[in-house]
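Keep in mind that what you see is a predicted model, and the values were worked out from it rather than measured.
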2 protein chains.
Amino acid sequence: MLLAADTTRLAIEAKLFRGFGDPSRLAILSALCQEPLTVGAIVGLTGLSQPNVSNHLSCLRECGLVAAEQQGRFVTYRLSDDRVAELITLAEGLLADIALGVYECTRYRVPGDAQTE
Amino acid sequence: MLLAADTTRLAIEAKLFRGFGDPSRLAILSALCQEPLTVGAIVGLTGLSQPNVSNHLSCLRECGLVAAEQQGRFVTYRLSDDRVAELITLAEGLLADIALGVYECTRYRVPGDAQTE
DNA sequence: TCATCATATCAGCATATGCTGATATGATGA
DNA sequence: TCATCATATCAGCATATGCTGATATGATGA
């Protein structure tokens with residue numbers, strides 16, 4: 001059995017991964033891999049609504065994945081650590097090799113359809 | 001704006017991250033970082049219910065994060081790629097430095113409580 | 001052949017999550 | 001001081017997700 005301490009650690013680490021585990025948030029993080037950006041710039045790049053972007057940014061900032069800096073009326077966000085970009089790069093490499101499997105996950109699964117494998 | 005191809009790629013990659021983004025699944029993956037395990041062994045190690053473990057394993061297998069091998073009545077699961085373990089290790093390192101932030105995320109947020117920061 | 005065992009699957013549920021439209025906040029320049 | 005602009009926050013909703021208890025599946029040894 002796992003110790004309680006491990007359970008807590010795993011819960012926190014899962015939360016960290018979940019920061020990356022949404023298409024909108026991952027789009028934001030990917031954009032920030034290039035350069036720091038204002039909220040407006042992220043809205044423009046991703047095509048997400050402004051409240052949606054702000055919500056995700058709050059979430060990402062609380063989890064420590066991004067950092068914010070206010071500059072006048074603008075707020076510029078950047079990745080808080082190089083390892084955030086590294087995680088994305090590593091996942092992309094992994095994905096390249098197992099892409100077929102994940103792609104299958106994205107298909108609609110008709111119940112009774114033996115399309116698996 | 002993001003191209004449609006990027007949107008698809010991000011959606012698939014987010015799905016990959018989501019495989020890690022649940023405490024139960026991460027506990028399973030962490031256990032498999034040590035050695036391949038049968039479903040029963042995973043149930044014993046994690047304390048999760050057997051149906052729950054089987055469900056998560058199906059999910060992880062579909063996404064290509066783990067591979068299964070039937071041996072008699074037993075099914076042994078293992079990580080499908082070394083990078084799965086690498087991602088977990090990298091995230092743990094990152095977590096060590098931003099732990100405070102993520103920890104804050106785990107607290108109950110009383111509405112109106114200005115506990116942030 | 002049949003009881004047993006390991007695993008997979010299922011329906012149903014409670015809860016978490018992501019989004020939208022509306023609005024609040026707070027900084028700026030006139 | 002006030003209109004404007006960038007961003008944050010909010011309520012409400014539709015949907016996704018994770019779990020449980022029950023049951024199905026399929027392999028094994030007697």
Side-chain angles (χ1 to χ4, degrees), chain A residues 7 10-11 14-15 17-29 36-63 66-77 105-106 108-114 116-117, chain B residues 7 10-11 14-15 17-29 36-63 66-77 105-117:
Chain A
T7 302
L10 286 170
K15 217 171 249 287
F17 275 116
R18 193 161 285 219
F20 299 85
D22 172 80
S24 301
R25 282 195 297 273
L26 193 58
I28 292 171
L29 291 172
L37 295 166
T38 63
V39 176
I42 295 171
V43 168
L45 280 170
T46 60
L48 300 170
S49 73
Q50 179 270 316
N52 196 8
V53 168
S54 279
N55 267 327
H56 284 305
L57 283 170
S58 306
C59 165
L60 291 169
R61 184 166 59 160
E62 276 184 10
C63 281
V66 306
E69 187 184 356
Q70 181 132 15
Q71 295 171 326
R73 275 176 294 192
F74 297 80
V75 179
T76 300
Y77 284 84
C105 290
T106 67
Y108 286 99
R109 244 358 186 323
V110 184
D113 181 345
T116 315
E117 217 84 356
Chain B
T7 301
L10 286 169
K15 217 173 248 288
F17 275 116
R18 194 161 285 219
F20 299 85
D22 173 81
S24 301
R25 282 195 298 273
L26 193 58
I28 292 171
L29 291 172
L37 295 166
T38 64
V39 176
I42 295 170
V43 168
L45 280 170
T46 60
L48 301 171
S49 73
Q50 179 269 317
N52 196 7
V53 168
S54 279
N55 266 328
H56 283 305
L57 283 170
S58 305
C59 165
L60 291 170
R61 184 165 58 161
E62 276 183 12
C63 282
V66 306
E69 187 185 357
Q70 180 131 15
Q71 295 170 325
R73 276 176 293 191
F74 297 79
V75 179
T76 300
Y77 284 84
C105 290
T106 67
R107 296 197 182 174
Y108 286 98
R109 241 0 183 323
V110 183
D113 181 344
Q115 183 172 301
T116 315
E117 218 84 354

Report the distance from atom CG of B:L26 to atom NZ of A:K15, rounding to the nearest 0.5 Å.
13.0 Å
According to a strict under-4.0 Å criterion, is B:H56 in side-chain N/O contact with OP1 or OP2 of D:dC19?
yes
Protein-nucleotide distance (B:D22, atom CG; C:dT17, atom C1'), rounded to Å
13 Å
Tell me whether the OP1 or OP2 atom of C:dC19 has a side-chain N or O from A:S49 closer than 4.0 Å.
no
Do any side-chain atoms of residues 67-75 of chain A form donor-acceptor pairs under 3.5 angstrom with protein atoms, and if so which ones, sequence neighbours left out?
unit_1	atom_1	unit_2	atom_2	d
A:Q70	NE2	A:G72	O	3.1
A:Q71	OE1	A:T76	OG1	2.9

Base versus backbone protein contacts along nucleotides 4-12 of chain C [heavy-atom cut-off under 4.0 Å; B, S, -]
BBSBBBB--
Considering residues at least two apart in sequence or located in another chain, which fulfil the side chain to side chain donor-acceptor pair (under 3.5 Å) criterion with B:T38?
none
Here the gap from B:I28 atom CD1 to B:T46 atom OG1, rounded to the nearest 0.5 Å, amounts to 6.0 Å
Go through it in stages, so that I can follow the logic: the residues are A:S58 and A:E62, the test is side chain to side chain donor-acceptor pair (under 3.5 Å), and I'd like the CA-CA distance, side-chain angles, deciding distance and then a yes or no.
CA-CA 6 Å; A:S58 306; A:E62 276 184 10; over 6 Å; no
Taking side-chain contact (heavy atoms from CB on, under 4.5 Å) as the test, write out the residues that go with A:D22, two or more places apart.
A:S24, A:R25, A:H56, B:R18
Measure CG/A:L48 against P/C:dT20 and give the value in whole Å, please.
8 Å
Under the rule for side-chain contact (heavy atoms from CB on, under 4.5 Å), what residues qualify as partners of A:S49, not counting sequence neighbours?
A:P51, A:N52
Give a yes/no answer on whether the side chain of B:R18 brings an N or O atom under 4.0 Å of OP1 or OP2 in D:dT17.
yes
Please check the phosphate of C:dT17 (OP1 and OP2 only) for any side-chain N or O of A:R25 closer than 4.0 Å.
no
5'-to-3' dot-bracket of DNA chain D (Watson-Crick, G-U; under 3.5 angstrom; crossing pairs as [ ]; | other strand)
||||||||||||||||||||||||||||||
Run the ring-ring contact (aromatic ring centres under 6.0 Å, His included) test against B:F17 and tell me which residues pass, sequence neighbours left out.
A:F20
